[in-house]
**Student:** 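Dropping the structure in here first, questions after.
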Amino acid sequence: MADSEEHRLIAERRRKLDELRDRGNAYPNDVQPSDQAADLHARYGEQDAQTLAASGDHVSVAGRMMAKRVMGRSSFAVIEDVSGRIQLFVERDTLAEGVYQSFKSWDVGDIVAAEGGMYRTNKGELSIRVDQLRLVTKSLRPLPDKFHGLSDQELRYRQRYVDLIMNDDSRQVFRSRSALVSFARAHLEAQGFLEVETPMMQPVPGGAVARPFTTHHNTLDMQLYLRIAPELYLKRLIVGGLHKVYEINRSFRNEGISTQHNPEFTMLELYWAFADYKDIMTLTEDLIRGASQALHGTARISYQGQELDLEQDFQRISLEESITHFNPAIDPGRLRDSDYLRQQLDERETRYEDNYGAGKLLTELFEKSVEEKLLQPTFIVSYPTEVSPLSRQNDADPFVTDRFELFIGGREIANGFSELNDPEEQAQRFRAQAELKADGDDEAMFFDADYIRALEYGMPPAGGLGVGIDRLVMLLTDSASIRDVLLFPLLRPE
RNA sequence: GGGGGUAUAGCUCAGUCGGUAGAGCAUCGGCCUUUUAAGCCGCUGGUCCUAGGUUCGAAUCCUAGUGCCCCCA
């Protein structure tokens, strides 16, 4: 960056900081504001000037100075605290000797504390008529343009602290994110789910088809993987008798970065004994509808210009039906015919590998021709067994499993299924995955012998769910990129 | 991995045909007791992303690279 220019502006403020140091403690820690801006607006917002003047109430606030307008012997300043903004009316002759002179040298961005009576200006704005004023923390770096804010996308991600200072929209996204997670916790706790924490560093990564990050523990001299999913540990807890568990935390996948993908991301996973995938669908629907209600007071939302109705019952349609629905030309009778599926994929210029069976080819065809069209909330059910190595096969049709994925706005939001609890069948599926891995598919699953041992003790029938929290936040905050809902998205180093 | 866009003052942005680098805000100095993108006067402030090339002369044209944004595999 152009350091010389920056240095000129910073040097000026550093000079001011030096003066503060000369006069005493430049970084005081004894400031305890008793009021917040939003409360003041709530309490006094309706009162007229005379009432305010007569009340005699004395308030104290502290926050970052976001605007400063000096007019000779009086000034206006606007400070922002965690709750919002309040204007300060500052007069030379109301303050102690010399304070006003100092105030004039303070900068927008400085953190100040003020006390005074409530006051309404001639133009009617609720303000504090300041009688005590302190500079609490000197800001050495100039803030962006007060009107345009910080709009450079790269700077917003790299210096999120500046983005948060300047852009209320950005602050709101992260408040919503927090509200969503709080809602999910409360919603699940109310149904008797227990929040647990399982290893993020795993000797055998499992629970998803994805490439893991590797790391190393020095003392044990062992290779570890950052988890790609918590699934296999959570199901060990079902074996252990914790029959309703959930975890909301980070998983890691060593894959590409896009508007939908960040290498570390947050999932809600839950497992529920004596439930099946249909129960899980109902729970998922309630959770997402309730989250929208909690954040917006409505389940009808707008996402990137698209109206989405989370209020109505979510559609449920099988993967195969969805393909024939959106591709009328496809022969419904040949959806499990590998040659036919390869031909259909060729026509759509979609790549596939020689070792793909009908189930995986079918899933590719779904992803290519259906997924993005599923705007309104839709559960796609009956995923092929071939692509569902941890799901329970359907009793009537072993080609598919009792599994669903939920799509909203053309994107996968959740994935759930009746869990495979037959240890011998699971071992067989792991072996098939291990063969794929041996063939060079580095996304294929590892054989997890301890997980099989756990299943051998007996896991009750159970349903499980994974929800991409980041994507759900995107949906509910109308954010186009996952980076907009991550406080510190991964970027290349500066 | 491929394609497109973008990069100029601290911030937000102009910059025509290749001919001395611009504005607003911020900073600095001055005026101002009811402003709210306060106003008025004056002054500062530049590695035009980087490295090459073409040219008498490059922010501008060419090549390569880098960051970010978007699309595609």
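Labels below follow one simple rule: chain letters A, B, ... track the order of the sequence lines, proteins then strands, and each chain is numbered from 1. Note that this is a predicted model, so its numbers are computed, not measured.
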**Student:** Between atom CE in A:M66 and atom P in B:A38, what is the gap in whole Å?
**Tutor:** 12 Å
**Student:** I'd like to know whether the aromatic ring centres of A:Y225 and A:F213 sit less than 6.0 Å apart in this structure.
**Tutor:** no
**Student:** Counting heavy atoms from C-beta on, name the nucleotide in B:C69, B:A38, B:C11 closest to the side chain of A:Q153.
**Tutor:** B:C69
**Student:** Counting only Watson-Crick pairs (N1-N3 plus N6-O4 or O6-N4) and G-U wobbles (N1-O2, O6-N3), all under 3.5 Å, who is the partner of B:G39?
**Tutor:** B:C31
**Student:** What integer number of Å spans the C1' atoms of B:A14 and B:A9?
**Tutor:** 13 Å
**Student:** For B:A58, give the paired nucleotide (Watson-Crick: N1-N3 plus N6-O4 or O6-N4; G-U: N1-O2 and O6-N3; both under 3.5 Å), or none.
**Tutor:** none
**Student:** A:E494 CD to B:C68 P: how many Å, rounded?
**Tutor:** 10 Å
**Student:** Please tell me which of the listed nucleotides, B:C68, B:C28, B:C13, lies nearest to the side chain of A:K16?
**Tutor:** B:C28
**Student:** Have a look at A:R403 and tell me which of A:V387, A:T385, A:I380, A:V381 forms a side-chain contact (heavy atoms from CB on, under 4.5 Å) with it.
**Tutor:** A:V387
**Student:** How long is the line joining CD1 of A:I128 and C1' of B:U36, in whole Å?
**Tutor:** 16 Å
**Student:** When the P atoms of B:G15 and B:C49 are compared, how many Å lie between them, rounded to an integer?
**Tutor:** 15 Å
**Student:** Given that both distances must come in under 3.5 Å, which nucleotide forms a Watson-Crick or G-U wobble pair with B:C11?
**Tutor:** B:G24
**Student:** Could you please name the partner base of B:U16, counting Watson-Crick and G-U wobble pairs only when both distances are under 3.5 Å?
**Tutor:** none
**Student:** Please determine whether a side-chain nitrogen or oxygen atom of A:S74 lies at a distance below 4.0 Å from atom OP1 or OP2 of B:U34.
**Tutor:** no
**Student:** Could you tell me how far apart A:L491 (CG) and B:C68 (C1') are, to the nearest whole angstrom?
**Tutor:** 8 Å
**Student:** With rounding to the closest Å, how many angstrom separate the P atoms on B:A26 and B:U12?
**Tutor:** 15 Å
**Student:** Check whether any side-chain N or O of A:S127 sits under 4.0 Å from OP1 or OP2 of B:U36, and answer yes or no.
**Tutor:** no
**Student:** Once salt bridge (charged side-chain N to carboxylate O under 4.0 Å, His left out) is applied, do any residues pair with A:D169, and if so which ones, sequence neighbours excluded?
**Tutor:** none
**Student:** On RNA chain B, does the nearest nucleotide to A:V108 precede the nearest nucleotide to A:L490 from the 5' side, or the other way round? Give the residue.
**Tutor:** A:V108
**Student:** For atom C1', what is the distance between B:C32 and B:C40, given to the nearest Å?
**Tutor:** 9 Å
**Student:** Can you list every ring pair (Phe, Tyr, Trp, His ring centres under 6.0 Å) pair that touches residues 343-374 of chain A, not counting sequence neighbours?
**Tutor:** A:F366-A:F407
**Student:** Any protein N or O atoms within reach of nucleotides 70-73 of chain B? Criterion: under 3.5 Å, listing atom names and distances.
**Tutor:**
residue, atom, partner, partner atom, Å
B:C70, OP2, A:R483, NH2, 2.5
B:A73, OP1, A:K368, NZ, 3.1
B:A73, O2', A:R351, NH2, 2.2

**Student:** I'd like to check the ring-ring contact (aromatic ring centres under 6.0 Å, His included) partners of A:F399; sequence neighbours left out, ordered by chain and number.
**Tutor:** none
**Student:** Please, which pairs that meet ring pair (Phe, Tyr, Trp, His ring centres under 6.0 Å) have at least one residue in residues 127-165 of chain A, sequence neighbours excluded?
**Tutor:** none
**Student:** Which residue pairs pass the side chain to side chain donor-acceptor pair (under 3.5 Å) test when at least one of the two sits in residues 465-482 of chain A, sequence neighbours left out?
**Tutor:** A:R177-A:D470, A:H261-A:R471, A:Q304-A:D478, A:T477-A:S479
**Student:** Toward the 5' end of RNA chain B, which comes first, A:V70 or A:H148, by nearest nucleotide?
**Tutor:** A:H148
**Student:** Could you measure between the two P atoms, the one in B:U60 and the one in B:C17, and give it in whole Å?
**Tutor:** 15 Å
**Student:** I'd like to know whether the aromatic ring centres of A:Y383 and A:F417 sit less than 6.0 Å apart in this structure.
**Tutor:** no
**Student:** Can you check the distance between B:C28 and B:U55, where both ends of the measurement are the C1' atom (answer in whole Å)?
**Tutor:** 41 Å
**Student:** Expressed as a whole number of angstroms, how long is the span from A:L126:CG to B:U36:C1'?
**Tutor:** 14 Å
**Student:** Which nucleotide, in any strand shown, forms a Watson-Crick or G-U wobble pair with B:G46, with both distances under 3.5 Å?
**Tutor:** none
**Student:** Within the structure provided, determine whether A:F103 and A:M65 are in side-chain contact (heavy-atom separation under 4.5 Å).
**Tutor:** yes
**Student:** Quote, to the nearest angstrom, the C1' distance that separates B:U8 from B:G67.
**Tutor:** 16 Å
**Student:** Output the single nucleotide from B:U34, B:U27, B:C69 whose closest atom is nearest the side chain of A:T121.
**Tutor:** B:U34
**Student:** Base of B:U36, side chain of A:E125 - is there a donor-acceptor contact under 3.5 Å?
**Tutor:** yes
**Student:** Could you please name the option among B:U33, B:U34, B:C28 that lies closest to any side-chain atom of A:R73?
**Tutor:** B:U33
**Student:** Look at the side chain of A:R129 and decide which nucleotide, out of B:A37, B:U34, B:C68, has an atom nearest to it.
**Tutor:** B:U34
**Student:** Can you check the distance between B:U44 and B:U33, where both ends of the measurement are the P atom (answer in whole Å)?
**Tutor:** 28 Å
**Student:** Please tell me which of the listed nucleotides, B:G67, B:A26, B:A38, lies nearest to the side chain of A:M71?
**Tutor:** B:A38
**Student:** Only pairs with both distances under 3.5 Å count, Watson-Crick or wobble alike; so what is the partner of B:G1 in this structure?
**Tutor:** B:C72
